[in-house]
There are 2 protein chains.
Amino acid sequence: MEHLSDTTWRFIHHFGEMGSRWGISRTVGQIYALLYISHVPLNADDITYLLSFSRSNVSMGLKELQSWRLLRSEYRAGDRREYFKAPEDVWEIFRTLADERRRREVEPTLSVLRECLLDPKNTPEDEHFHRRMQEMYDLISMANEWFIDIQKLSAEDLTSLMHLGAQAKKLLHAKNRLLSFAGLTKEEVSE
Amino acid sequence: MEHLSDTTWRFIHHFGEMGSRWGISRTVGQIYALLYISHVPLNADDITYLLSFSRSNVSMGLKELQSWRLLRSEYRAGDRREYFKAPEDVWEIFRTLADERRRREVEPTLSVLRECLLDPKNTPEDEHFHRRMQEMYDLISMANEWFIDIQKLSAEDLTSLMHLGAQAKKLLHAKNRLLSFAGLTKEEVSE
DNA sequence: CCGTACTTTCAGGGATTTCTGAAATTAATG
DNA sequence: CATTAATTTCAGAAATCCCTGAAAGTACGG
């Protein structure tokens with residue numbers, strides 16, 4: 001890649017902007033967009049040249065992306081530079097991203113909430129605070145578990161489920177009807 | 001509320017930090033955490049006093065939270081100040097938050113991708129860029145549609161589905177078996 | 001309309017984050 | 001083990017974001 005076309009630049013630029021709205025800095029977003037779209041793995045100098053920011057910034061950016069487990073890298077015979085690329089599978093990228101955010105943000109939030117919920121309740125006001133924190137804890141905790149669980153599924157299964165969308169509700173009800181028809185309660189059906 | 005207890009302060013402080021990792025500033029995060037946890041609606045002066053930052057900052061923060069549709073407010077007889085609170089239902093809060101982010105971040109991203117996909121492909125390299133952008137577009141687009149669809153469901157239905165988690169896969173396969181048992185293809189079953 | 005109670009706006013200062021370039025570090029090669 | 005290639009670190013500059021206080025705006029009650 002000699003230099004960036006208008007289209008690729010727009011793509012890269014947009015993901016820079018998006019990145020800066022999330023925890024990621026603009027340049028890190030751009031580096032990842034570039035690696036995502038490139039048809040060939042790139043080394044740090046390639047990135048420095050194509051995006052024209054400082055070599056050290058690229059180095060730090062790559063390090064950060066690695067800490068998010070978002071990069072694959074390889075070495076080549078007779079070349080001691082490291083070549084980076086994003087995973088082929090878009091699903092994998094989003095999954096990793098989401099999981100890393102879960103670990104960095106959701107888990108610590110749950111810890112703080114758990115601690116707050118352990119504190120003594122001295123006043124009726126405290127009772128109310130406790131209740132609200134509990135509500136939030138329950139929701140976040142459930143979503144967290146759900147996400148961990150859902151990660152087991154393959155991209156294809158996830159795709160099917162997504163296409164199912166709100167229809168899943170009907171399926172759920174149908175399932176419950178079948179169970180009660182068979183004279184079973186939910187509890188009797190183990191896993 | 002005369003002043004904040006240690007526990008509430010920890011809660012508020014944490015959501016300030018979390019907010020600053022998302023698009024929201026620290027103080028806006030704190031204001032919302034306070035309004036969320038308070039047992040009684042608060043006016044701007046209450047917030048200024050309890051969190052001790054400037055009145056104007058509180059004003060701007062409330063305005064921003066309103067632009068996210070995250071606040072309810074009320075007026076009281078003989079008091080011209082506006083009193084704010086967060087919705088009672090935690091589900092509603094997260095739903096609103098997610099939907100607003102969808103509108104502010106996901107939709108514009110899809111627009112950019114659509115535009116990029118319309119651009120002419122001049123080289124084999126461009127073909128590759130196109131393919132990668134298409135892959136990303138397809139995934140984001142599907143997730144977007146899915147989320148819009150899922151929003152129709154009630155908190156209870158969502159809870160059931162979440163508890164179902166990865167088991168939903170079995171349900172999906174059961175459905176397909178039922179369909180093929182009935183001699184129907186997916187395509188023949190419209191909605 | 002005037003005064004009062006409250007809210008909003010916004011320019012500028014302060015704080016934080018991000019980026020750079022020089023120097024240090026690491027690692028491969030002859 | 002010296003040389004060279006590549007990477008990383010880090011202090012400070014630059015850019016950005018956030019918050020404040022003063023001033024302007026709004027709206028209600030008399």
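Just so you know, these numbers use all the heavy atoms, side chains as well, and skip hydrogens, waters and symmetry mates. We name chains A, B, ... by the order of the sequence lines, and we start the count at 1 in each one.
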Fill in the blank from the handout: B:Arg26 CZ to C:dG14 C1', in whole Å, measures 14 Å

Problem - Ion pair A:Arg101/A:Glu105, N-O distance below 4.0 Å - result: yes

Practice task
Mind calculating the distance between CG (B:Asn43) and C1' (C:dA5) to the nearest angstrom?
Solution key: 12 Å

Practice task
Before accepting this row, confirm whether a basic side-chain N of the pair B:Asp89/B:Arg95 lies closer than 4.0 Å to the acidic partner's carboxylate O.
Solution key: no

Practice task
Take the protein atom OH of A:Tyr83 and the nucleotide atom C1' of D:dA6, then report the distance between them rounded to whole Å.
Solution key: 11 Å

Completion exercise
On DNA chain D, more 5' by nearest nucleotide between A:Ser20 and A:Met60 is A:Met60

Fill in the blank from the handout: B:Trp22 atom CH2 is separated from D:dC18 atom P, nearest whole Å, by 16 Å

Exercise for the section: Take A:Arg81 and B:Arg80, find for each the nucleotide of DNA chain D with the closest heavy atom, and name the residue whose nucleotide sits nearer the 5' end. Expected result: A:Arg81

Exercise for the section: Output yes when B:Arg102 and B:Glu100 qualify as a salt bridge under the 4.0 Å nitrogen-oxygen rule, no when they do not. Expected result: no

Handout entry: Distance, rounded to the nearest Å, where B:Lys63 contributes NZ and D:dC19 contributes C1'
Key = 15 Å

Practice task
May I ask you to verify if any side-chain N or O of B:Ser25 is less than 4.0 angstrom from the OP1 or OP2 atom of D:dC19?
Solution key: yes

Exercise for the section: Provide, to the nearest angstrom, the distance between the CG atom belonging to A:Asn57 and the P atom belonging to D:dT9. Expected result: 14 Å

Exercise for the section: Give a yes/no answer on whether the side chain of A:Thr27 brings an N or O atom under 4.0 Å of OP1 or OP2 in C:dC19. Expected result: yes

Problem - salt_bridge(B:Arg72, B:Glu74) N-O dist < 4.0 Å - result: no

Handout entry: Phosphate OP1/OP2 of C:dG21: any A:Arg55 side-chain N/O under 4.0 Å
Key = no

Practice task
Just say parallel, tilted or perpendicular for the rings of A:Trp22 and B:Trp22, cut-offs at 30° and 60°.
Solution key: parallel

Handout entry: Side-chain donor/acceptor of B:Ser54 to base of D:dG21, under 3.5 Å
Key = no

Handout entry: Phosphate OP1/OP2 of D:dT8 contacted by A:Ser59 side-chain N/O (<4.0 Å)
Key = yes

Problem - Nearest-angstrom distance from the residue atom CZ of B:Phe53 to P of D:dC18 - result: 13 Å

Handout entry: A:Leu51 CG to C:dT18 P, straight-line distance once rounded to whole Å
Key = 17 Å

